[in-house]
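Throughout, a chain's letter reflects where its sequence line sits, starting with A, and its residues are numbered from 1.
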Amino acid sequence: MIDLKYLQNNFEEASAKLQKKGVDAATLENLQKLFTSLKEANATLEASKAEQNSMSKLFGQYMREGKDITELKAKVDANKEAMVPMQEKAREAEEALYHVALAMPNFPDESVPEGEDEEDNVELRKVLEPKEFSFKPKEHWELSEINGWIDFERGVKLAKSRFSVLRGEASRLERALINFFLDTNAQKGFIEHSVPFINNSAMLQGTGQLPKFEDDLFKIDDEDLYLIPTAEVPLTNLYNDEILTEKELPLLMTGYTPCFRKEAGSAGRDTRGIIRQHQFNKVEMVAIAHPAKSQEVFEMMVENASDILTALGLPHRVVELCYGDLGFSAATTIDLEVWLPGQNQYREISSISNTRDFQARRAKIRFKDGKKNRFVHTLNGSSLAVGRTIVAIMENYQNEDGSIEIPEVLKKYM
RNA sequence: GGAGAAGUGGGAGAGCUGGUUUAAUCCGCGCCCCUGCUAAGGGCGAGUGGGCUUUAUAAGCUCACCGAGGGUUCGAAUCCCUUCUUCUCCUCCA
């Protein structure tokens, strides 16, 4: 959640930032008003409560002293009645405020490039040259047919469209990749975690998926539970509502989980293959960092993900997202896009974000800074999306006959 | 899934026949004092979140928080309802 005090005290600056993220001025003015009226409603109610409390204390005293209480009782009854509408008003004001505030996206960093959509993202650098093929490289689904790696039809039969099954060598490759990713992350200091793939609504609100993006999630019927869309949710929320010591920071975590996304495919993109599925595997990095150190951690995470691609021999580019392409919770995001020769384009394979204190404020993750409690910064990034890595290996390591080589670093894992 | 019991401040643990409890006490913690020395003793302090005020690198006042959410009452840690969690015993099971 954004800092409402900041919004109130620096309205012009704050609204300029959020307007670039598609929030109109009227919504922000409304938010500011709601914040003010909540404070007013609470002030009135609390003054009345204070009076009620002090009168109630007199009650005990009077009774011990054997004094008459009828007059006091009448006063206190009247005050209680007067509080009812105040209470109602305060409750409504709070509800109205949070309804709007929780749907407000994060402020982008100053450094984020201007722009509307992915066309305006800024390429920072390219790593490794795409290899020249002496034949026309095939797309991964064509290669899948030749090698029998992916069973789309039976995946659909088991669940529904946009589910699939990996078979044989492909399944082993997936397992090898997961292990390789986890081991590499561990070497960089990320502690491996194995977490629940189902989380409750409070956790999803903590990281920003709820309440605004409920339609993107698979919900468990009759339960306050959702399939996680990314390990960012359980890993970040491990420290939900906790106060850490400064010494513990940064907390570096990694974990493998499947990810479940209901929205995948709603735009009709990538209908063939396993680029966009309702369920996919991912190894995630999450960091909880001291605000002064989060940028440093962010760069380390980008470096790590890029190094993994390099180790796999996969050409990729590092792209900084512009305002318009930035996600809801992110203050700044860098994507890694891997080269897919079959598609003849770069495709996103990792997304690394610093949310600053946006998630920390929602999830109440703080640390002791001297005597004071301050919000931490939270960061997350894929290292890497497993399914898309398989696609990248298939297309980059294909031979003319459709057979696929296994990258050198993975051989010890298979 | 069934039956019973319990959830209190960093930990332990009273209170739970509703009103000096603004949560006792112990341990642990921080600072200080005393003591010629890894001991003992003494004093002080300390939770979280929000609001207001001011002589504003801080202080004062106030509201809420005894698992969570409702309710009864002038007043709730204490009574009622719902819910979550833990423990014990069954049941089931990888």
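Remark: side-chain polar atoms of Q359(A) are not paired, donor with acceptor, to backbone N or O of S329(A) under 3.5 angstrom.
The closest side-chain donor-acceptor pair between E192(A) and N185(A), if any, does not fall under 3.5 angstrom. Of the N and O atoms on the side chains of T230(A) and K282(A), at least one donor lies less than 3.5 Å from an acceptor on the other residue.
Taking atom C1' on both nucleotides, A77(B) is separated from U22(B) by 14 Å, rounded to a whole Å. To the nearest whole angstrom, the two C1' atoms, one in U20(B) and one in C31(B), are 31 Å apart. The same atom, C1', is picked in G67(B) and in U48(B); the two are 15 Å apart, to the nearest Å. C32(B) and G50(B) have their C1' atoms separated by 33 Å, given to the nearest Å.
Using the Watson-Crick or G-U wobble rule with both distances under 3.5 Å, A12(B) pairs with U25(B). Under the Watson-Crick or G-U wobble criterion, with both distances below 3.5 Å, C31(B) is paired with G43(B). Base-pair partner of A5(B): U86(B) (Watson-Crick or G-U wobble, both distances under 3.5 Å). Of all nucleotides present, only A64(B) satisfies the Watson-Crick or G-U wobble test against U48(B), with each distance under 3.5 Å.
The side chain of V76(A) sits closest to C74(B) out of C74(B), U22(B), U48(B). Nearest to the side chain of R91(A), among G71(B), A64(B), G47(B), sits G71(B). Taking only side-chain atoms of K368(A), from C-beta outward, the nucleotide of G47(B), U62(B), C74(B) with the closest atom is G47(B). In the set C74(B), G49(B), G51(B), G51(B) carries the atom at the smallest distance from any side-chain atom of A43(A). Comparing A64(B), G19(B), U48(B) by their closest approach to the side chain of K49(A) singles out A64(B). Considering only the side chain of E46(A), G50(B) comes nearest among G50(B), C74(B), U48(B). Distances from the side chain of N53(A) to the nucleotides U22(B), A64(B), C74(B) place A64(B) closest.
Using a 4.0 Å heavy-atom distance criterion, N42(A) is classed as making no nucleic acid contact. N79(A) comes within 4.0 angstrom of no nucleic acid atom, judged by non-hydrogen atoms across all strands.
Remark: D369(A) engages R374(A) in a side chain to side chain donor-acceptor pair (under 3.5 Å) (not counting sequence neighbours).
In summary, the aromatic rings of F197(A) and F260(A) are positioned with their centroids too far apart to meet the 6.0 Å limit.
A cation-pi arrangement is not found for K160(A) relative to F163(A), the charged atom failing to lie both closer than 6.0 Å to the ring centre and inside a 45° cone about the ring normal.
Taking atom CD of E95(A) as the reference point, atom C1' of G69(B) lies 14 Å away to the nearest angstrom. One interatomic measurement links the two molecules: CG of D224(A) to P of A68(B), which rounds to 17 Å at whole-angstrom precision. Atom CG in L225(A) sits about 14 Å away from atom C1' in U85(B), given to the nearest Å. For the pair N373(A) CG and G50(B) P, the computed distance is 9 Å after rounding to whole Å. Rounded to whole angstrom, the span from the CD atom of E40(A) across to the P atom of C63(B) amounts to 20 Å.
With hydrogens and angles left out, the side chain of Q52(A) and the base of G75(B) share no donor-acceptor pair within 3.5 Å.
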